Amino acid sequence: MYRLLGHAGTTELLMGNEAVARGFLEAGGGFASGYPGTPSTEVIEALADVAKEVGIYVEWSSNEKVAVEAAYGASLLGVRSMATMKHVGLNVAADALMSIAYTGVKGGMLIFVANDPSMWSSQNEQDDRYYGLMSYVPVLTPSDPQDAKDLTVLGMELSEKLSHPFLMVSTTRVSHTRAPVILGPLRPPRTKGTFAKSQGLALVPAVARQQREKLISKWEEIERLFSELESVNAVEGEGRRAIIAGGIAYQYVKEALDEVEVKDVKVLKLSTPVPLPKGLVTKLLSDVDEVLVVEELEPVIENQVKALVTDERLGIRVRGKDLVGLVGELTLSRVRKAVRAFLGLSYQEPQTYELKLDLPQRPPSFCPGCPHRATFYALRRAVNGLRIKAIYSGDIGCYSLGLYPPFGEQDIILEMGGSVGVANGLAQAVEGQVPIAIVGDSTFFHAAVPALINAIYNNAPMLVLVLDNRTTAMTGEQPDPGSGVRATGEPAEVVSIEEIAKGVGVREVVTFDPFDLRGATQKLMEALDYVVKERKPAVAVARKACALEAVRKARRMRVQIPLYQVVDDKCTACGICYNAFSCPAILVKDDKKAWIDPSLCTGCGVCADICPYKAIVKVVKEGKGWDEVWM
Amino acid sequence: MDVSRKLSMVFVGVGGQGLMTAARVLAEAAVDSSTKALVAETHGLSQRGGSIEVHVRLGNVYSPLVPVGEAHVVLGFEMIEAARGVKYLARSGMLLTSETIMRPPLPGVRVPKRAEIESVFKSAGIRYYVVPARAIAEKVGSYMTENMVLLGALAGTGLLEGLVDMYRLRARISELPYADKNLAAFEEGLNTCRSTCGNL
Ligand SMILES: Cc1ncc(C[n+]2csc(CCOP(=O)(O)OP(=O)(O)O)c2C)c(N)n1
C-alpha cells in the first residue's frame, strides 16, 4: 500500500511535502498541477504516485503560470485544486495570482509555494509571503509536517467557504523534514463539474473596479476570521513578554525556551501571517512590555505588528530582525541567541573541534555519463576550432554546473529562460563576440520560447544550444513536454524542440548526439558558422537521455551496461580524462595514471574517444537495447 | 521510551551513498518505537555528487537541524566528508566513519590519505572509529549495503538504547529491497562496532 494512503489515526513518518499531498487528499482535492522546483517538488510527485488509485487528476505543467491558471480553471468547475511551485515559480505565476484574487474561486484553491532560505538550490532568497500582502491572498505557514497537512485541509476549506484563493508558504526545513504525522480521514475527491456563468470572472476595467471593492471587504473579513482561529494561532504561557513565532521559527523558539529557566513569556504560534490577525495580536500585546517576532526570511509579521502597535498606540517595543538577522535560514543557535538576548540571558556557543587539515571542496558535478559534460567538451572544441569569442549566456538546470572548472562555459546565469532572453540584448549590442544561449529542454519549454520568437522577430544573431536530456534532471527527473510521458505515467505527445524552432522561423536547426564527439563538434561548428556569417539565430539540439535515467532504465530492462577500463601500459598519465573531461568515475592513481571505478562507470564511452593514446578500452560489451535506453 | 532524552546525529557523505535511506529507516523505527524523530535533508544540487548532510534527531526535539558542536554522533559515509562534518561534533560526541575515500572530481585536486585524516582526528582528541564499511559490504555481497553497515555501527554504540527498539529497526531494514544483504550488512556493522566502540 502507498504510505500516503494510510488509515486515519495512524502515525506515518512523512516529509513536509508529502504531508501537504496527504492534506490535499484529506480535503477531497481533485486537481493538482505544478512545476518542479526544490524544495516543493515532492508534493506533485507524491500525488502522481497515488493519482490512479484515488482517481484524481495530477499534472506537471509546462511552467508555474500555466499550473496556477490550470488549477484555477478546475476550481471554476467546483473541483478543489492546488498548484505547487518553488518560491521563484510564483514570480512566473504572479500575473495570474493578482487577477485570481479579483475574481475569486469556486472550488477551494490552494497555491503551495516552498521558499528556500539559504539558497540550498536556488538563485535567490525570497519571501513569498509578500505576495500575499501584494495580491490580497491570505497566507498560511506550517511549522512542521503535521501543520503542513492540517493547514492544507484548513486552507482548502476556508478557500471554498470564502470563494477566495489561499497561499500556503513553507520553507525548506518544513518541506524537506520528515517527522511523524498523525493522519486524518481521507475524503472522496470531487474531480468533475460544469461551468456556470457568473459575474466577476471577466476582468474588464468596469468589472475589475467592482471586484476591487469586494476584495478589500473580503480582506477585512479574513482578518477577523484569522483572529478567531485559535486552533492554529495558539497562545502558550503567561508573562509580560511575548514572542510571536511564524512557520518553522515556532519549533526553534520552542526548543530554545525549553532550555532556559525563565518562564514568564507568552508565545503566539502564528500560522496566518497574512493578513495579520489584528484582534488576536492586539489582545496578546495589551498586557506585555515587549515583544519579539521570530520568522524566517523577511520581517513580514514584524512590519505588520509594528504598524499595529502604532495604530493602536500600544507603545511597546517590537524586536525582530534586529536580533534574528535577515540573511539565510534560521537555525536553533540563531534563534537561541535572539531569544536569550530578548530575555536578558547570556549565551555561549558550544566548543567545537578544530582540524588542521586542508579539505578539498566537493561541489556538485556532472554525473558519470552525463551528456552535458560531453556537450560542453564539444562546444569548447567548436568555439576554439572557429576561433570565435563566445559569451556563454547560461541558464538554470544541471548544465549550470558548466560554470565550474574545467568547463567555464556559463558566464551569466539569471533565472529560467534567461539564457535566450539575455542573449537577445547581447546579440544586438555586442562587438566582436558571439552570444551562445545554453538552455535545457524543460527550461526551453518553460520560458525560453517567447525569447526565441523575439530573436527571430528582431533578428538577434545567437546560437541557442538546447541540452535535451529528455527530462527535468536538476530537480530529480520529472518528465517535461519533450519526455513523451506524463506525471502519472501515461504516454504523451513528444513536443519537438526542432519543430518549435522551425515553426517560429529559425532557418538553421541542427541536432546531434553528444556522445559522438566528432559529430557533435562538427554540427556545433556548422551552426556557429551560420550565426557568424549569416548574422541570424541558429538552434542546435544536443539529444541524449540523462545518465541517471538511462542507467536506471538499463537495470530495469536488464540491458547489460558496458564497462570501460584503462590499459595501464598505454596510459601516459596525461590527465586529459580526469582533468579536462573530469568524469567522477575516472580516478587518479599514485603514479598519476587513470583508473576507472567500475562501481561508478556508466559505460558512456566518451572517455575512450577523448584519450589521445587509445588507452581506454571497452572490457564489457553492451547488451541489446543499450542505445535505446539513452533515447 | 525515555521522553526527556535527545539524540542529535549528523550523517555526512556524498550524494548517492544512501544516507537518506539509512536516516529514513532509523527514523521510521524510532517512530514505531513511539519516539519522536526528525530527519532534515539537503536536496537539489547537492545530489549531483556533492557533499551532503542529513540531520537526524530523536527524542524530545523540535529543531530539525543539529547546531554546530552539538551532535552526539557524526556518521561519515566517506572520510573527507567525515572530517568536514567534525564541526557538528559535540566535545563529548563520537565520530564513526567509513574507510571509503572518494576523490572530488576537480582538476588537479589533492586528496588526503586515510592515515593523514586519522592523525588529525587523533591530535584533535576526537573519539572516533573507522568502520571497515566497504570491506564488510563487499563481503556481504553488495557495495550498495555500505549504508546499512554504518547504520549497524551506529546501533553498536548503544546510543540508540531507550529510543529505538532494535527489533523494530531490523523490521524496517527488512522492508528494503535486497533485505537479506542489507540485514546481514547491518548485523556485521553492529558487531564490529559493539566490540570496539564501547572502549573509545
Ligand atoms: C521559475 C523556476 N521554476 C523552477 C525552478 C527549479 N528548476 C531549476 S532548474 C530546473 C529545470 C531543469 O531542467 P532542464 O532545463 O531540462 O535541465 P536539466 O537539469 O535536465 O539539465 C528547474 C525546474 C527554478 N529555478 N525557477
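Values in this document were obtained by computation on a predicted structure and should not be read as measured data. Labels below follow one simple rule: chain letters A, B, ... track the order of the sequence lines, proteins then strands, and each chain is numbered from 1.
Within 6.0 Å of CE in Met144(B) there are 12 or fewer heavy atoms belonging to other residues, nucleotides or ligands. Taking a 6.0 Å sphere around CD of Glu161(B), one finds it holds 12 or fewer heavy atoms contributed by other residues, nucleotides or ligands. Within a 6.0 Å radius of CG in Asp591(A), other residues, nucleotides and ligands contribute more than 12 heavy atoms. Around atom CZ of Arg555(A), no more than 12 heavy atoms belonging to other residues, nucleotides or ligands sit under 6.0 Å away. Residue Lys589(A) places its NZ atom among more than 12 non-hydrogen atoms of other residues, nucleotides or ligands, all under 6.0 Å distant.
In terms of heavy-atom pairs under 4.5 Å with chain B, the best-connected choice from Thr331(A), Asp258(A), Asp597(A) is Asp258(A). The candidate with the highest count of non-hydrogen atom pairs below 4.5 Å against chain B, out of Tyr353(A), Tyr252(A), Tyr404(A), is Tyr353(A). The candidate from Glu354(A), Arg336(A), Glu12(A) with the greatest count of non-hydrogen atom pairs under 4.5 Å with chain B is Arg336(A). Contact tally against chain B (heavy-atom pairs below 4.5 Å) for Pro180(A), Ala179(A), Ser333(A): the top residue is Pro180(A). For the set Thr11(A), Thr352(A), Leu587(A), the count of heavy-atom pairs under 4.5 angstrom toward chain B peaks at Thr352(A). The greatest number of non-hydrogen atom pairs below 4.5 Å with chain A, out of Lys6(B), His55(B), Glu116(B), Glu70(B), is found for Glu70(B).
The heavy-atom pair separating Pro360(A) from Arg110(B) by the smallest distance is CG-O, 3.7 Å.
In this structure, the portion of Lys113(B) lying under 4.5 Å from any heavy atom of chain A is its side chain and not its backbone. With a threshold of 4.5 angstrom between heavy atoms, Val61(B) approaches chain A through its backbone and through its side chain. Proximity to chain A (any heavy atom under 4.5 Å) is shown, for Arg24(B), by both the backbone and the side chain. For Val109(B), the part sitting under 4.5 Å from any heavy atom of chain A is the side chain, from C-beta outward, and nothing else. Both the backbone and the side chain of Val120(B) come within contact range of chain A, judged by heavy atoms closer than 4.5 Å.
Checked by atom type and distance alone, the side chain of Arg362(A) pairs as donor or acceptor with a backbone atom of Met102(B) at under 3.5 Å.
Contact of the Tyr62(B) side chain with the Asp144(A) side chain is not registered, since no non-hydrogen atoms from C-beta on lie closer than 4.5 Å. Taking 4.5 Å as the limit, every side-chain heavy atom of Glu28(B) sits out of range of all side-chain heavy atoms of Arg178(A). Thr177(A) places none of its side-chain heavy atoms less than 4.5 Å from the side chain of Arg57(B). Taking 4.5 Å as the limit, some side-chain heavy atom of Leu355(A) sits within range of a side-chain heavy atom of Ile126(B).
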Stepwise, does the side chain to side chain contact (heavy atoms under 4.5 Å, CB included) test hold for Arg173(A) with Leu38(B)?
CA-CA 10 Å; Arg173(A) 297 303 159 203; Leu38(B) 298 175; over 6 Å; no
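Ion pairing between a basic and an acidic side chain is recognised when a charged N comes within 4.0 Å of a carboxylate O; Arg3(A) and Glu175(B) show no such pairing.
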